Every structure is written in structure tokens, then in C-alpha cells.
Amino acid sequence: MKKQYFLLIALALLVSLFNGCKKETGFKTLIITGQNNHDWQASSPLLKTILEESGLFTCEIMTTPEKGGDMTTFDPDFSKYKLVVIDYNGDSWSDKTNTSFTDFVKSGGGVVIYHAANNSFPAWKEYNEMTGLGGWGDRSEKDGPYIYYRRDSMIVDNSPGRGGNHGKRREFLVRTRIADHPITKGLPARWIHGNDELYSELRGPAKNMQILATAFADSAAGGGTMRDEPMLMTITYGNGRIFHTAMGHADKDGGPAMQCAGFIVTLQRGAEWAVTGNVTQKVPFDFPTAAGVVLRPDYTDLTFEEALENISNYDVGKSTKNLVCIQHHITELAGDEKGLLETEKAIVGVLTNDKTTIEAKKLLLKELSWMGSDYSVSAIKDLVSNSELKDEAEFALARLQSSK
Ligand code: ZN
């Protein structure tokens, strides 16, 4: 094996922490929806997509009766599921359903509370203990304190006032507060979330609750508290574990709040933790940082073929996400000569396409200089006559010849 190839492997392993292989079957998951002041017809199928994309969950969406409908007909058998995701903000459920949901959580069931689900059921004591914090629904000091961070301290604030607020939608910085929790382990200390509502002034019983991440609600965006508001929380209730994300306001196609790789990945990790108490998923290479938002318009990780197609438009200053994906793919094929040759052929195909940008060709020449074989040589020789690519092409040829 070429010496340089080891360097590539080391580099790619450092940079690209990908999701592993997808499992065939997953934890049985129930997504409850049907009433919301949000577009639940958009959000619930996307929650299903996001969770199933992890390979860990098999999801079923159940809708309640419409507003004003007969809630006694809504009576899920929670015992069939490992995880219940609440994408619901509407009429109270029946006492029987409330009791069976509470029993499900007490006996160890996992729960995800998503965005406006923390507005739900202001009068249901057990539910509010499961969510930890909530907003709207006439919540006030009677429901519990405000909880937030000021600098590095968590503040429990019993002052009177409304529960729940948000300013204008915007991108905002999320700050990890507990870095060694299974959900947050390996995530950047700070990352920028896609355009979303920043929920503030949440209040509630906050028992057995940990705040994993906060976001600063600046007043410049209107309605800001100038506090670091809880964004990601965990709560335990009986033997059950609850993951609560205040983020993810849905547009028709999910929009930037749901497409944000930070939202997607924390949801997947939080859901796994809620079921097992652990997280086995790797932090993907495209998790956002403080440098900027990362959106996944189709909610999935890139494939090699997509990354190669995308990279053909590469220009200086654009994201190198596609390149990292290609490098990861090559690393995974270490030792598989046939697979590597197929990959090399695909790269040469893009390299020799007239529509591929010069900057993309430079990147691909660099890749071929590490991983290429005799197959690439004639295509690279043809590029030496191109004044914009001469240096990179000669460099690649020299590398390929010296590694023989
Ligand atoms: Zn919202």
C-alpha cells in the first residue's frame, strides 16, 4: 500500500465521522400528531424520515381526532412501542390515554418532545413533569420557575410572568452546556442552527432535568431576554427517559429549522438516548460549527455519487463537504482494489467532463495523485496542456509515477 495512502486514511478518519451502516429493523416508534398550531402534515413525515434515516427506528404516525373531535377514540397501545414522539399541540386526551401514556413512561418508555409539543397540555401535571419546561397555554409562575443560563450558571428564576415567547426567526448559535452526555459527546461546543424560532421564557417544574444546550436570545431580534435559553434538555420520569428539543419550527418542506444538520443529528441522538440511555451514532462530518449553518435539503447524508456530482460545481470558498465525503468513501474502500478502480473511473469521468469547474478539477487531480492508478495517467496527461491545470496535473503525474 502506498505510504501516502496511510496519511489520507488518517486525515479522512479525523475529518469524516460518518453514520455507520443502516440496520434493517429499528426501535418501534410512534409519532403522535393531528392537532398543532404548526404544519404537522409537514413536520410529522419529516420526523419519521429523520429518525428512520439513522437506521435505528421504525416509525408509525398516528393522528388524533381533529380539534373538537371525540378524544375517547384516541387510545394507542403504547406498550407496543419503545419510543413515542410528540408532535402535538391541541385538545386534551382522555384521562385513560393520559394514564396509559404516563404508565408507559414510568415503566421505561422513551419520549421525544418536539418544539410546540412543549406548549401542550398545560393542565396535565405528569406531562409537564415529563417536558420539564413549557410555554404558552397560560403558563405562568404557578407552573414553575423560568430556567436559563447566565454566563456559566444555571438560573432558577421564580419571578412572575408569562411562560413562552420567541422573537423573529433567525439563525442562532447553540452552545453545548453538558459536553459529556451521550447525546452531546463529540459535538462542537458551539454551532449555528438554521433559521428558527428561538423559544425563550419557558417555565415548568424542571424536575430531574438536564440542560444539554442553550441559545442566547438577543434582544436585537425582538422579544429577546438577553438570557441563554434552554434548547436541548433531558428529563427522567420514573424509569423513562425524555429528550426535549425546543427547536425545529416546520415550514411546508420542513425549512431551514428542520433541514439543519444540527437539528437532525441531535434529534436522532436524543431519540436513541431516550430508548437505550446510550448513543451509538457517530457525529457526522457535516455537523455544523460556529462557522456556519449546514442544511440537508433532503434530510439524508450524501452518497459518494451525489458528492461527486455536486463537486463538479466547486469553486473557491465553497463548502468542502463533498470532498470530505469523497475522501471518506475512498477510505472505506481501503484494500478493495475493484471498488477503488470503480471509484477512480468515476472521478476521472468528472475530471474529463467539460462542464466541471477548474477548481473542482484541481481538487480531483489532488485526490487522484493519492489514490490513482495507471488508469488515470492518460486523462491526467491530457490536462497538462491546459494552462490553468498544468501545475496540478504535473504534480499528480509525478506522484503517481514515484509511488510505483
Ligand atoms: Zn414554531
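Counting convention: from 1, in listed order, for ligands and their atoms alike. Throughout, numbering of the chain's residues begins at 1 and tracks the sequence. None of the values given here were measured: they were computed from a predicted structure.
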Only one of R170, K168, R227 forms a salt bridge (Lys or Arg N to Asp or Glu O under 4.0 Å) with D218, so which one is it?
R170
Is it the case that the side chain of H181 and the backbone of I183 share a donor-acceptor pair, with hydrogens and angles ignored and the cut-off at 3.5 Å?
yes
So which of the N, O or S atoms of H115 lies nearest the Zn ion (ligand 1)?
NE2
Pick out which of T236, T102, I113 makes a side chain to side chain contact (heavy atoms under 4.5 Å, CB included) with M130.
T102
Strictly under 2.8 Å, is any N, O or S atom of H38 next to the Zn ion (ligand 1)?
yes
Kindly report the OE1-the Zn ion (ligand 1)-ND1 angle for E197 and H249 respectively, rounded to 10°.
100°
If you draw a 6.0 Å radius around CD in E306, do more than 12 non-hydrogen atoms from other residues or ligands fall strictly inside?
yes
